[in-house]
Asker: 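Just dropping this structure here.
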Amino acid sequence: MAIYLTKESKVLVQGMTGGEGMKHTRRMLAAGTNIVGGVNPRKAGRTVDFDDRAVPVFGSVADGMRATGADVTVVFVPPAFTKAAVVEAADAGIGLAVVITEGIPVHDSVAFTTYAKAKGTRIIGPNCPGLITPGQSNAGIIPPDITKPGRIGLVSKSGTLTYQLMYELRDIGFSTCVGIGGDPVVGTTHIDCLGAFQDDPDTELIVLIGEIGGDAEERAAAYIRDHVTKPVVGYIAGFTAPEGKTMGHAGAIVSGSSGTATAKKEALEAVGVRVGSTPTETARLVLERLEAGT
C-alpha cells in the first residue's frame with residue numbers, strides 16, 4: 001500500500017551529521033524509517049547516537065550501499081554541494097534520491113536531474129518536503145504524526161499544503177504522500193505520481209495539489225484524461241494572487257492567462273477532476289467522492 005517508499009526501504013542520509021540532517025534523522029527514526037547510515041567523507045567510520053539507535057557514517061554513498069544494501073538516500077546538503085551529492089548517489093546506483101535542499105541554482109538542478117534519470121535514479125525534489133508512507137517509512141521532513149495509513153494518494157508541489165491536506169483527511173488516511181517540490185525543474189512530476197498511484201491497488205483516490213505558474217497541472221490534466229481511471233480531486237494554490245506580482249516558489253511564473261489558478265482549474269475540471277477553492281473544501285470533495293464510491 002505505497003509508492004516509491006515502504007517499510008522495506010533502507011535509507012541513507014547524506015549530510016546526516018549537519019544540524020538539519022541530525023534533527024530530521026532523529027524524526028525519521030522516530031517515525032519508523034529504516035535509516036541504515038549517514039554519509040560524510042570527513043567522518044567516515046564513526047557512529048552517531050540517536051536515542052537508542054547508533055547509526056554508522058560512511059565515506060560515500062557507494063560504501064553505504066555496499067555495507068547496508070541501502071536503496072534510498074535523503075539529501076540534506078547545502079545548495080553549493082547538492083549537485084555533487086546527487087551525482088555521487090546516481091553513480092552508486094541508488095534507486096531513489098530525496099533532495100530536500102532549497103536554493104539550488106536551476107542549472108545545477110537541470111544537470112543532476114538529467115544525469116540521475118540517465119543512471120536510473122529517481123529524484124524527488126529538489127526543494128521539497130520528501131515523501132511519507134504512513135505507518136511504514138518517512139523520507140524527508142513531513143510530520144509523521146498528522147495522519148495514518150489509508151487509501152488516498154497525495155502528490156503536491158507545496159509542502160505546507162501537503163501537511164494541511166494530510167491533517168484534514170487524517171480520519172481516512174493515506175497510502176503515500178509525495179511532495180515533489182515547487183522549483184521550475186523537479187525530478188518527479190505530478191504525472192509520474194499519478195501513474196504510480198493508478199497502478200497501486202490500495203490507492204482508491206488521488207489528491208493533486210498544484211500552484212500558479214508553469215503548465216505542469218495542464219499536462220497532468222491531459223495525462224488524467226488518457227491514463228487515470230481512479231477519481232482525482234485537486235487544489236490549486238494562488239487563486240488570490242494579485243496580478244503582476246511574483247508569488248511563492250521559483251516555479252510560479254505566470255504569463256498572461258497561462259499558468260493562472262483559473263486556467264489550471266478549468267483544465268482539470270474539463271477532464272473530470274473536482275477542484276476545491278480552498279484546502280478545506282478540497283478535503284470535503286474528497287470525502288464526497290469516497291462516500292459516493294466514484
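Note that the structure is predicted; figures quoted are calculated from it, not measured.
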Asker: For a 4.5 angstrom cut-off between non-hydrogen side-chain atoms, does P144 reach I132?
Answerer: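 They are in side-chain contact.
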Asker: So which atom in P143 and which in R27 form the shortest heavy-atom distance, rounded to 0.1 Å?
Answerer: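 Shortest heavy-atom separation between P143 and R27 comes out as CA-NH2, 3.6 Å.
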Asker: Is the shortest heavy-atom distance from the side chain of R274 to the side chain of E288 under 4.5 Å?
Answerer: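 Yes, side chains in contact.
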Asker: Counting only N and O atoms by type, is there a donor-acceptor contact under 3.5 Å from the side chain of E168 to the main-chain atoms of Q164?
Answerer: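 Here the side-chain-to-backbone pair does not exist.
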Asker: Could you check whether any side-chain N or O of N40 sits under 3.5 Å from a backbone N or O of R42, counting only pairs where one atom can act as donor and the other as acceptor?
Answerer: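 At least one qualifying donor-acceptor pair exists.
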Asker: Judged by atom type as modelled, is there a donor-acceptor pair below 3.5 Å linking the side chain of T25 to the main-chain atoms of M22?
Answerer: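 Here the side-chain-to-backbone pair does not exist.
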Asker: For E102, which of D183, N127, T82 qualifies under side-chain contact (heavy atoms from CB on, under 4.5 Å)?
Answerer: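 Only one of D183, N127, T82 forms a side-chain contact (heavy atoms from CB on, under 4.5 Å) with E102, namely N127.
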Asker: May I ask you to check whether over 12 heavy atoms, not counting those of F81, lie within 6.0 Å of atom CZ?
Answerer: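 Open.
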Asker: Has the side chain of T121 got a donor or acceptor atom that lies under 3.5 Å from a matching backbone atom of I94?
Answerer: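 Yes, the answer is positive, given that a donor and an acceptor are paired below the 3.5 Å cut-off.
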Asker: List in chain and number order the residues that pass salt bridge (Lys or Arg N to Asp or Glu O under 4.0 Å) with K83, two or more places apart in sequence or in another chain; answer none if no residue qualifies.
Answerer: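 Result, salt bridge (Lys or Arg N to Asp or Glu O under 4.0 Å) vs K83: none returned.
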Asker: Checking R122 against T188: is there a side-chain donor and acceptor pair closer than 3.5 Å?
Answerer: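 There is such a pair (donor and acceptor under 3.5 Å, judged by atom type) between the side chains of T188 and R122.
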Asker: Which residues pass the salt bridge (Lys or Arg N to Asp or Glu O under 4.0 Å) test with K119, sequence neighbours left out?
Answerer: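 With neighbours one apart ignored, the set is D91.
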Asker: State, without any angle test, whether Q198 and T229 hold a side-chain donor-acceptor pair at a distance under 3.5 Å.
Answerer: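 Yes.
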Asker: Got a donor-acceptor contact below 3.5 angstrom from the D192 side chain to the T189 backbone?
Answerer: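 Confirmed, D192 side chain pairs with T189 backbone.
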Asker: Show the numbers, then the answer: is there a side-chain contact (heavy atoms from CB on, under 4.5 Å) between V228 and I206?
Answerer: CA-CA 10 Å; V228 179; I206 305 165; 4.2 Å; yes
Asker: Please determine, by modelled atom types, if T133 and T176 share a side-chain donor-acceptor pair under 3.5 angstrom.
Answerer: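 A donor-acceptor contact under 3.5 Å links the two side chains.
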Asker: Spell out, yes or no, whether Y163 and I236 are grouped together once hydrophobic residues are joined by side-chain heavy atoms under 4.5 Å, including indirect joins.
Answerer: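 Shared cluster, yes.
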Asker: Would S175 and D202 count as having a side-chain donor-acceptor pair, cut-off 3.5 Å?
Answerer: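 Distance-only check fails for S175 and D202.
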Asker: Can you confirm whether I104 sits close enough to F112 that some side-chain heavy atom of one is under 4.5 Å from a side-chain heavy atom of the other?
Answerer: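 They are in side-chain contact.
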Asker: Does this structure show an ion pair linking E204 with K230, if we count only N-O contacts that are shorter than 4.0 Å?
Answerer: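 Salt bridge flag = no for K230 with E204.
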Asker: For residues 66-75, pull every pair meeting side-chain hydrogen bond (donor to acceptor under 3.5 Å, both in side chains), keeping only residues two or more places apart or in separate chains.
Answerer: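 For residues 66-75, and leaving out neighbouring residues, the side-chain hydrogen bond (donor to acceptor under 3.5 Å, both in side chains) pairs sorted by first residue read Q14-T73, D63-R66.
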Asker: Please tell me if the side chains of L12 and M65 come closer than 4.5 Å, counting only heavy atoms from C-beta onward.
Answerer: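 Yes, at least one pair of side-chain atoms sits under 4.5 Å.
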Asker: What is the distance from atom CZ of F50 to atom CE of M28, rounded to the nearest 0.5 Å?
Answerer: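 Taking CZ in F50 and CE in M28, the distance rounds to 8.5 Å.
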Asker: May I ask you to decide if I35's main-chain N or O and R53's side chain share a donor-acceptor pair within less than 3.5 Å?
Answerer: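 Yes, because the side chain of R53 sits within donor-acceptor range (under 3.5 Å) of the backbone of I35.
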Asker: So if you build clusters from Ile, Leu, Val, Met, Phe, Trp, Tyr with side-chain heavy-atom gaps below 4.5 Å, do I100 and I142 land together?
Answerer: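 They do share one cluster, since a chain of ILVMFWY contacts under 4.5 Å joins I100 to I142.
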Asker: Does the side chain of I152 reach to within under 4.5 Å of the side chain of V207, using non-hydrogen atoms?
Answerer: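 Answer yes - side chains close enough.
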Asker: Using every non-hydrogen atom in the two residues, find where I180 and C193 come nearest and quote the distance to one decimal.
Answerer: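 Nearest pair, atom of I180 first, then C193: CG2-SG, 4.1 Å.
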Asker: On a heavy-atom basis, which atom in A31 and which in N138 lie closest, and how many Å separate them?
Answerer: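 Between these two residues, the closest heavy atoms are CB-CB, 4.1 Å.
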Asker: Where the side chain of S9 meets the backbone of T6, is there a donor-acceptor pair that is under 3.5 Å apart?
Answerer: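 Here the side-chain-to-backbone pair exists.
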Asker: Do V233 and I224 share a hydrophobic cluster, counting only Ile, Leu, Val, Met, Phe, Trp and Tyr and linking them when any side-chain heavy atoms are less than 4.5 Å apart?
Answerer: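 Cluster IDs for V233 and I224 match.
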Asker: Are V11 and V98 connected, step by step, through hydrophobic side chains (Ile, Leu, Val, Met, Phe, Trp, Tyr) whose heavy atoms are closer than 4.5 Å?
Answerer: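 Same cluster: V11 reaches V98 through Ile, Leu, Val, Met, Phe, Trp or Tyr contacts under 4.5 Å.
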Asker: Drop me the distance from I209's CD1 to E211's CD, to the nearest 0.5 angstrom.
Answerer: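 Nearest 0.5 Å value for the CD1-CD distance: 10.5 Å.
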Asker: Could you pull out all residues at least two apart from R225 that satisfy side-chain hydrogen bond (donor to acceptor under 3.5 Å, both in side chains)?
Answerer: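 Applying side-chain hydrogen bond (donor to acceptor under 3.5 Å, both in side chains) to R225 gives none.
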Asker: How long is the straight-line distance from CD1 of I3 back to OG1 of T203, given to the nearest 0.5 Å?
Answerer: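 These two atoms lie 7.0 Å from each other.
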Asker: Checking the side chain of T33 only, and the main-chain atoms of L29 only, is there a donor and an acceptor separated by less than 3.5 Å?
Answerer: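 Such a contact is absent between T33 side chain and L29 backbone.
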Asker: Please name all residues satisfying side-chain contact (heavy atoms from CB on, under 4.5 Å) with K148, sequence neighbours left out, ordered by chain then number.
Answerer: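 Expected list: none.
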Asker: Under the side-chain contact (heavy atoms from CB on, under 4.5 Å) rule, what do V13 and V39 come out as? Steps first, then yes or no, please.
Answerer: CA-CA 6 Å; V13 181; V39 178; over 6 Å; no
Asker: Side chains of T162 and L154: does their closest heavy-atom pair fall under 4.5 Å?
Answerer: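 Yes, side chains in contact.
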Asker: Look up atom CZ in F76 and atom NE2 in H24, then write down how far apart they are to the nearest 0.5 Å.
Answerer: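 With rounding to 0.5 Å, CZ (F76) is 5.5 Å from NE2 (H24).
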Asker: Could you tell me which non-hydrogen atom of K10 sits nearest to which non-hydrogen atom of V36, and how far apart they are?
Answerer: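 Looking at all heavy atoms of both residues, the shortest contact is CB-CG1, 4.0 Å.
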Asker: What are the two closest non-hydrogen atoms of L165 and P279, and how far apart are they?
Answerer: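 Heavy atoms only, the tightest pair is CD2-CB, 3.8 Å.
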Asker: Treat each ILVMFWY residue as a node, draw an edge where side-chain heavy atoms are under 4.5 Å apart, and state whether I123 and I141 are in one component.
Answerer: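 Unlinked, I123 and I141 end up in two clusters.
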Asker: Supply the atom-to-atom distance R289 CZ to R284 CZ, rounded to the nearest 0.5 angstrom.
Answerer: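 One gets 13.0 Å once the value is rounded to the nearest 0.5 Å.
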Asker: State, with a plain yes or no, whether a side-chain heavy atom of T47 is found less than 4.5 Å away from one of V55.
Answerer: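 Counting from C-beta outward, T47 and V55 never come under 4.5 Å.
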Asker: Check this for me: does any side-chain nitrogen of one of E217 and K157 sit under 4.0 Å from a carboxylate oxygen of the other?
Answerer: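 Between K157 and E217 there is a salt bridge, with a charged N closer than 4.0 Å to a carboxylate O.
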Asker: Take V275 and V273, measure what side-chain contact (heavy atoms from CB on, under 4.5 Å) needs, and give me the verdict at the end.
Answerer: CA-CA 6 Å; V275 180; V273 177; 4.2 Å; yes
Asker: Identify the heavy atoms of E88 and V61 that sit nearest to each other, and give their distance.
Answerer: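 For E88 and V61, the tightest heavy-atom pair comes out as OE2-N, 2.7 Å.
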Asker: Restricting to side-chain contact (heavy atoms from CB on, under 4.5 Å), what partner residues turn up for T147, sequence neighbours left out?
Answerer: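 Residues passing side-chain contact (heavy atoms from CB on, under 4.5 Å) with T147: P134, M166, R170, F174.
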Asker: If we ignore hydrogens and angles and just use 3.5 Å, is the side chain of K264 paired with the main-chain N or O of G213 as donor and acceptor?
Answerer: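 Yes: the side chain of K264 pairs with the backbone of G213.
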Asker: Any side-chain heavy atom of F197 within less than 4.5 Å of one from D199?
Answerer: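 No, every pair of side-chain atoms sits at 4.5 Å or beyond.
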Asker: To the nearest 0.5 angstrom, please state how far the CG atom of L205 sits from the CG atom of L285.
Answerer: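 That separation rounds to 10.0 Å.
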Asker: Keeping the roles fixed (side chain from H227, backbone from I191), state whether a donor-acceptor pair exists under 3.5 Å.
Answerer: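 No, H227 side chain to I191 backbone: no donor-acceptor pair under 3.5 Å.
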